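For reference, the structure discussed in these notes is given below.
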Amino acid sequence: MALHVQTRKTASGDSGKTASGESGEIASRLLAWYDAHHRDLPWRIAPRELARGIRPDPYRVWLSEVMLQQTTVEAVKSYFRAFVEKWPDIDALAASPTEDVMKAWAGLGYYSRARNLKACADLVARQGGRFPDTQAGLRELPGIGAYTAAAIAAIAFDQPAAVVDGNVERVVSRLFSIVTPLSEAKSDIRTYVERMVPATRPGDFAQAMMDLGATICTPRQPRCMLCPLREDCSAIISGDAERFPVRLPKGEKPLRRGAAFVAVRGDGAILLRKRGDKGLLGGMTEVPTTGWTARIDGGTTAAAAPFPGNWRPAGKIGHVFTHFALELDVFKAMTDVAAPAGHFWSLADEIPGEALPTVMKKVIEAAIPGATKNQRVH
DNA sequence: AAGTCGGGGCA
DNA sequence: TGCCCAGACTT
């Protein structure tokens with residue numbers, strides 16, 4: 001294995017044995033810092049609770065880890081609370097229809113996660129309601145990849161798994177000043193983490209690495225002077241921790257355009273339809289739209305509407321996805337036609353609870369301000 | 001190995 | 001505006 005790094009002489013010591021038997025001073029320092037400075041999170045069992053014998057609930061660990069995939073802690077909190085309130089355990093989640101899960105997930109993004117979450121719940125419930133307690137077993141389940149399998153194994157089942165997420169990649173790439181682009185360095189980073197994982201408290205070690213990355217070893221302006229690993233860190237010496245991790249330059253984001261049509265009935269209902277289960281916004285609900293093409297020619301018109309009507313321009317909205325930007329011209333019409341095949345009328349007070357992704361809420365808000373928001377009770 | 005897949009917070 | 005976030009899955 002070629003490690004393209006500028007390593008620093010490693011501190012030696014016998015305390016804190018790692019799973020591989022090597023020195024674990026980094027783990028010891030990190031765990032001590034975690035005991036004093038860990039974040040208090042809704043899905044987390046704090047060190048003092050663990051010491052009292054309280055065990056993590058694998059269901060809650062799994063649910064939080066799936067929600068946290070490429071999603072910030074702050075964005076997840078309210079969704080996590082709503083989910084465990086509505087579905088306290090795996091059997092409750094398995095007993096609910098997928099459509100209800102999609103509605104509860106609306107706004108959180110990456111909607112294949114919600115579909116896989118439900119599929120995973122069904123599978124686990126059918127097999128007795130208990131999650132596998134090994135990385136390999138967890139990895140077989142839908143929506144659980146290398147990271148999530150390791151995280152659940154470490155946090156819920158106390159196994160010395162190498163948990164590598166974006167935080168860990170950043171921390172390790174700075175610890176060892178890894179100049180190799182991240183896409184090529186992942187294998188080496190995993191090896192480093194495997195050597196650091198302690199035999200005891202592997203779950204706290206994993207969470208400590210992530211807390212460190214989130215609060216101290218941040219992407220920009222890291223607070224190196226407060227870091228418990230500053231004595232171990234290669235990047236801090238040259239004072240350029242912020243240049244790590246090294247990433248390859250990314251391509252430009254194309255622009256796509258289209259039109260969206262908000263049909264409003266006399267009683268305030270609007271016409272919706274459900275997208276296919278796969279692909280962009282899979283399984284979510286939308287208003288009728290034209291295709292989203294890459295062409296930047298003349299604007300779209302009412303001629304592309306799903307059915308004839310007195311379509312009037314109702315503004316334009318923009319939305320940025322991961323790999324393209326979208327501009328939609330919004331048209332609005334009052335109509336009392338029967339819902340065309342594949343469409344349905346959604347009553348005004350049901351619209352806020354529909355499985356509408358954010359881009360579609362923008363479209364509806366452009367045509368009917370306040371329509372997607374829960375009405376206040378006075 | 002590269003592309004697809006949301007949305008929001010931050011400098 | 002660009003970058004990044006407790007990544008998974010497909011091709």
Side-chain angles (χ1 to χ4, degrees), chain A residues 38-39 41-44 60-80 102 105-117 119-120 138-156 161-171 181-187 193 203 205-215 217-222 242 244-245 247-256 275-284 286 318-326 355-362:
Chain A
H38 66 84
R39 290 178 291 177
L41 303 173
W43 48 85
R44 172 174 290 176
R60 293 167 63 98
V61 174
W62 162 71
L63 177 61
S64 65
E65 290 301 339
V66 173
M67 285 184 165
L68 286 161
Q69 289 165 6
Q70 290 293 288
T71 309
T72 57
V73 164
E74 282 309 310
V76 166
K77 284 180 178 175
S78 63
Y79 283 87
F80 178 81
M102 303 306 288
W105 198 277
L108 197 55
Y110 286 140
Y111 298 100
S112 65
R113 293 186 296 173
R115 184 164 301 282
N116 286 331
L117 188 83
C120 182
L138 290 162
R139 185 66 181 78
E140 301 288 321
L141 296 170
I144 298 184
Y147 161 77
T148 305
I152 297 173
I155 297 169
V163 180
V164 182
D165 74 323
N167 286 304
V168 175
E169 288 173 351
R170 184 170 59 255
V171 170
L182 201 53
S183 54
E184 303 174 23
K186 289 180 183 293
S187 175
V193 175
F205 174 78
Q207 295 177 91
M209 288 286 278
M210 295 187 277
D211 276 25
L212 188 73
T215 65
C217 198
T218 50
R220 282 163 299 193
Q221 299 181 14
E242 198 167 353
F244 301 103
R247 298 178 190 273
L248 261 34
K250 59 175 70 171
E252 289 184 17
K253 198 167 287 191
L255 173 65
R256 300 186 194 176
R275 294 175 64 92
D277 285 341
K278 297 204 280 192
L280 187 72
L281 306 177
M284 300 298 284
E286 67 176 3
H319 193 76
V320 180
F321 293 94
T322 303
H323 56 291
F324 69 92
L326 177 67
L356 291 165
T358 297
V359 62
M360 288 301 153
K361 290 187 176 180
K362 287 183 183 176

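Computed from a predicted structure; not experimentally measured. Residue numbers start from 1 in every chain, and the chains themselves are labelled A, B, ... in the order their sequence lines are given, proteins ahead of strands.
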Please give, in whole Å, the distance from B:dT4 P to A:Leu280 CG?
-> 11 Å

Does any donor-acceptor pair link the side chain of A:Thr358 with the base of B:dG7 at a separation under 3.5 Å?
-> no

Using atom CD of A:Gln69 as one end and atom P of B:dG6 as the other, report the distance to the nearest whole Å.
-> 13 Å

Please check if the distance between the ring centroids of A:His323 and A:Phe321 is under 6.0 Å.
-> no

Considering the options A:Glu286, A:Lys361, A:Met102, which one meets the side-chain contact (heavy atoms from CB on, under 4.5 Å) requirement together with A:Leu356?
-> A:Lys361

Rounding to a whole Å, what distance do you find between A:Arg247:CZ and B:dA2:P?
-> 15 Å

Nearest to side-chain heavy atoms of A:Arg220, which nucleotide of B:dC5, C:dA6, B:dC10 = B:dC10

What's the CG-P distance between A:Asp165 and C:dA6, to the nearest Å?
-> 7 Å

Here the distance between atom P of C:dA8 and atom CH2 of A:Trp105, to the nearest Å, is 12 Å

Assert: residue with more 5' nearest nucleotide on DNA chain B, out of A:Pro357 and A:Gln221, is A:Pro357

When the P atoms of B:dT4 and C:dA6 are considered, how many whole Å apart are they?
-> 24 Å

Find the distance A:Lys278:NZ to C:dT11:P and express it as a whole number of Å.
-> 7 Å

Can you check the A:Arg170 CZ to C:dC4 C1' distance for me, whole Å?
-> 8 Å

Determine the interatomic distance between C1' on B:dG6 and the same-named atom on C:dC4; round to the nearest Å.
-> 13 Å

